[in-house]
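Everything numeric here is computed off the predicted structure, so don't read it as measured data. Hydrogens, waters and symmetry mates play no part in the numbers below; they use all other heavy atoms, side chains included.
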Amino acid sequence: MSDSAPLPPVRLRSEAELAHAALSTPLLTRAARLARWAGPDTRVDAGGELVEEQLPAAAEALGLTGEDAVGHAGEAWRVAVDAGLVEIADEEAGTVAAGEELALLTGGSPHDVLAVWQAALETVIADASVPDLDGIVDALDEGGEVDFSSLGWDPEAEADFLDGVLGNLYLLTVSEGGPGEAPVPLPALAASMIVPSDMGEPTNDVLEQVSDAMMRLDDQFRLLEPVGLVEYQPVDEALMADAEEEPAAGPVDEADVSRYGMVRLTPLGAYGLRARLLEAGFEAPAVGELADKGADALLDGTAAFPQGAAQAETEQWLARRESLAAARELLAAARGADAGAPLRRLRCQQALSLLGAEAEPALREVLDDPELGGLARVWLAERGAAGVPAPSQDMIFWLTIDTVAAQLAAEGNSEELQALVEGLAQQHSGFFAEAWRVGHPDTADVLEAMGRLHPDKKVAKEARKAAFKARSQHGG
């Protein structure tokens with residue numbers, strides 16, 4: 001996942017709803033209970049961990065039983081300390097006191113609660129990056145430092161791997177056309193980190209790496225579920241017992257693939273991972289961020305959004321404004337001859353399509369505008385408005401070039417754009433003979449693209465010739 005291109009926008013739940021979900025997570029609930037359970041007799045070691053003899057009492061306070069009870073209690077205590085629910089009062093004596101953040105869980109704002117939960121999440125992700133190192137004591141060197149190389153473990157690489165997996169899960173979840181809120185098969189998530197994108201059939205060596213990665217991720221997602229990051233269906237233990245069974249590379253029955261593990265990013269998890277991505281320098285927009293900004297920010301900001309997200313953002317923006325004023329602001333922001341202007345006008349046209357008849361005066365005001373007059377006529381004609389003057393031939397050609405330029409910027413060489421190009425050439429037999437004269441900054445680029453996209457060689461040649469004329473005319 002590259003940090004240079006913006007990620008698709010995520011649709012987040014309200015902070016109040018997310019805070020309620022955070023308070024309901026098993027791990028934060030346990031951490032808060034331990035913070036309230038801790039008293040004058042509670043003791044911690046130099047690292048802030050509960051002393052070993054007090055772990056059973058902590059597990060009992062949490063109502064935990066079984067062989068994992070002490071481990072779960074220790075994990076909850078670490079979260080309580082790292083999230084500020086408990087503070088070390090005296091390091092030498094090993095005493096503790098309630099932390100300032102504890103009161104925020106009951107008396108703070110939703111944002112305060114989410115900040116505490118985010119700190120808990122960071123602790124769990126850090127813990128999940130550490131494998132079960134039974135031999136860690138044997139790996140201590142003479143100076144008391146751990147020789148990680150003797151354990152076959154690279155802490156930085158392990159952390160990067162988990163970050164990459166979580167980043168891919170986020171990307172899959174927020175991408176339009178992705179699984180959305182549906183679970184992702186664990187083999188697919190592991191393969192996204194191991195299998196090269198240009199590899200056809202994975203080799204046995206690659207499949208083995210995917211299988212190993214799945215086993216690591218199975219342990220990690222079991223740890224990440226109690227903090228509310230994911231919902232996880234673990235790998236079927238019967239598969240682990242069968243060393244000969246490999247994850248299926250080809251199409252398999254849905255019931256079968258679920259045996260290899262299924263993971264779903266929760267709405268709370270989407271909030272948490274987005275915060276981590278922003279902190280790491282990624283551009284990770286959220287739908288609704290532009291609602292209180294100007295029309296220029298809306299049109300530029302949604303330029304790279306998928307269609308569904310762009311409409312959702314625009315609907316929130318329009319909901320805060322009176323229709324006529326909104327239409328005027330959108331039209332003013334759509335003007336320009338810069339590289340992003342055609343796509344701004346397309347987003348403007350899509351935004352205007354959500355407005356009713358009350359916006360009509362704003363569209364009539366720009367009928368004579370060379371950049372906006374064409375889209376204004378389209379809007380008025382679609383609503384059956386009376387007294388709309390017919391567009392000139394120059395305006396029709398300009399609007400056509402502008403529309404194709406916008407589609408190129410939005411979708412590249414898509415099938416939809418190819419269909420549009422074919423339709424234009426069919427409807428206007430002399431299109432290329434006139435189009436090269438259009439005084440639009442993108443005329444030559446659009447004609448070149450039409451030549452590249454049209455399947456008919458004769459028509460494609462006409463488009464390329466027209467593009468050459470357009471460049472010659474503008475000295476390009």
Side-chain angles (χ1 to χ4, degrees), residues 1-5 7 27 75 78-79 82 118 120-136 139 146-175 178-179 183-199 202-235 239-240 246-247 249 257 260-266 269-270 272-282 284:
M1 189 173 66
S2 169
D3 60 356
S4 58
L7 293 167
L27 191 51
E75 180 184 28
R78 281 195 300 279
V79 166
D82 290 350
Q118 191 78 37
L121 175 64
E122 293 302 326
T123 296
V124 179
I125 289 177
D127 285 351
S129 299
V130 180
D132 184 12
L133 300 175
D134 292 331
I136 195 166
V146 179
D147 180 10
F148 292 116
S149 62
S150 70
L151 297 167
W153 177 54
D154 181 340
E156 188 174 343
E158 287 289 337
D160 287 346
F161 179 82
L162 183 55
D163 281 344
V165 168
L166 295 178
N168 284 352
L169 179 60
Y170 179 89
L171 183 59
L172 283 168
T173 303
V174 303
S175 293
V184 177
L186 190 62
L189 203 51
S192 72
M193 294 295 293
I194 304 295
V195 182
S197 58
D198 58 354
M199 176 177 279
T203 63
N204 288 336
D205 179 57
V206 167
L207 286 176
E208 187 175 344
Q209 292 179 52
V210 171
S211 183
D212 290 343
M214 282 175 53
M215 294 304 99
R216 288 156 62 197
L217 290 173
D218 181 63
D219 290 337
Q220 290 170 329
F221 282 127
R222 289 171 191 256
L223 289 172
L224 292 168
E225 186 175 34
V227 78
L229 183 73
V230 296
E231 289 177 2
Y232 183 55
Q233 177 182 327
V235 176
L239 295 179
M240 297 184 190
E246 292 284 345
V257 78
Y260 293 100
M262 303 288 286
V263 59
R264 183 182 81 87
L265 186 64
T266 65
L273 290 190
R274 176 177 179 262
R276 299 186 89 237
L277 288 165
L278 290 171
E279 181 70 23
F282 287 84

Locate the shortest heavy-atom distance separating [X] from [Y]; write the atom from each residue and the value.
X	Y	answer
Val79	Val124	CG2-CG2, 4.2 Å
Ala284	Leu277	CB-CB, 4.4 Å
Gly272	Leu121	CA-CD2, 4.0 Å

Which residues share a salt bridge (charged side-chain N to carboxylate O under 4.0 Å, His left out) with [X], sequence neighbours left out:
X	value
Glu279	none
Arg264	Glu231
Glu122	Arg276

Pairwise distance [atom1]([X]) to [atom2]([Y]) - rounded to 0.5 angstrom:
X	Y	atom1	atom2	result
Glu208	Ile194	CD	CD1	11.5 Å
Leu171	Leu265	CG	CG	11.5 Å
Asp127	Arg78	CG	CZ	4.5 Å

List the residues meeting side-chain hydrogen bond (donor to acceptor under 3.5 Å, both in side chains) with [X], not counting sequence neighbours, and say none if there are none.
X	answer
Asn204	none
Gln233	none
Ser192	Asn168
Thr123	Asp82

Salt-bridge present (Arg216, Asp212; N to O < 4.0 Å):
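Salt bridge: no.
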The criterion is side chain to side chain contact (heavy atoms under 4.5 Å, CB included); which residues satisfy it with Val174, sequence neighbours excluded?
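Partners of Val174 by the side chain to side chain contact (heavy atoms under 4.5 Å, CB included) criterion, ordered by chain and then number, come out as Pro8, Val10, Tyr170.
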What pairs with Pro185 under side chain to side chain contact (heavy atoms under 4.5 Å, CB included), at least two apart in sequence or on another chain?
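Side chain to side chain contact (heavy atoms under 4.5 Å, CB included) check on Pro185 returns Pro187, Ala188, Val257, Met262.
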Does any part of the side chain of [Y], heavy atoms only, come nearer than 4.5 Å to the side chain of [X], both counted from C-beta?
X	Y	value
Leu169	Val230	yes
Val165	Phe221	yes
Leu229	Leu273	yes
Leu224	Val263	no

If only atom types and distance count, is the side chain of Gln220 paired as donor or acceptor with the main-chain N or O of Ser129 below 3.5 Å?
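Pair absent, no side-chain N/O of Gln220 close to backbone of Ser129.
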Could you tell me whether the side chain of Arg222 and the main chain of Pro234 form a donor-acceptor pair under 3.5 Å?
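Side chain of Arg222 to backbone of Pro234: no pair is present.
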Applying ring-ring contact (aromatic ring centres under 6.0 Å, His included), name anything that partners Phe161, two or more places apart in sequence or on another chain.
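With sequence neighbours excluded, Phe161 shows a ring-ring contact (aromatic ring centres under 6.0 Å, His included) to no residue whatsoever.
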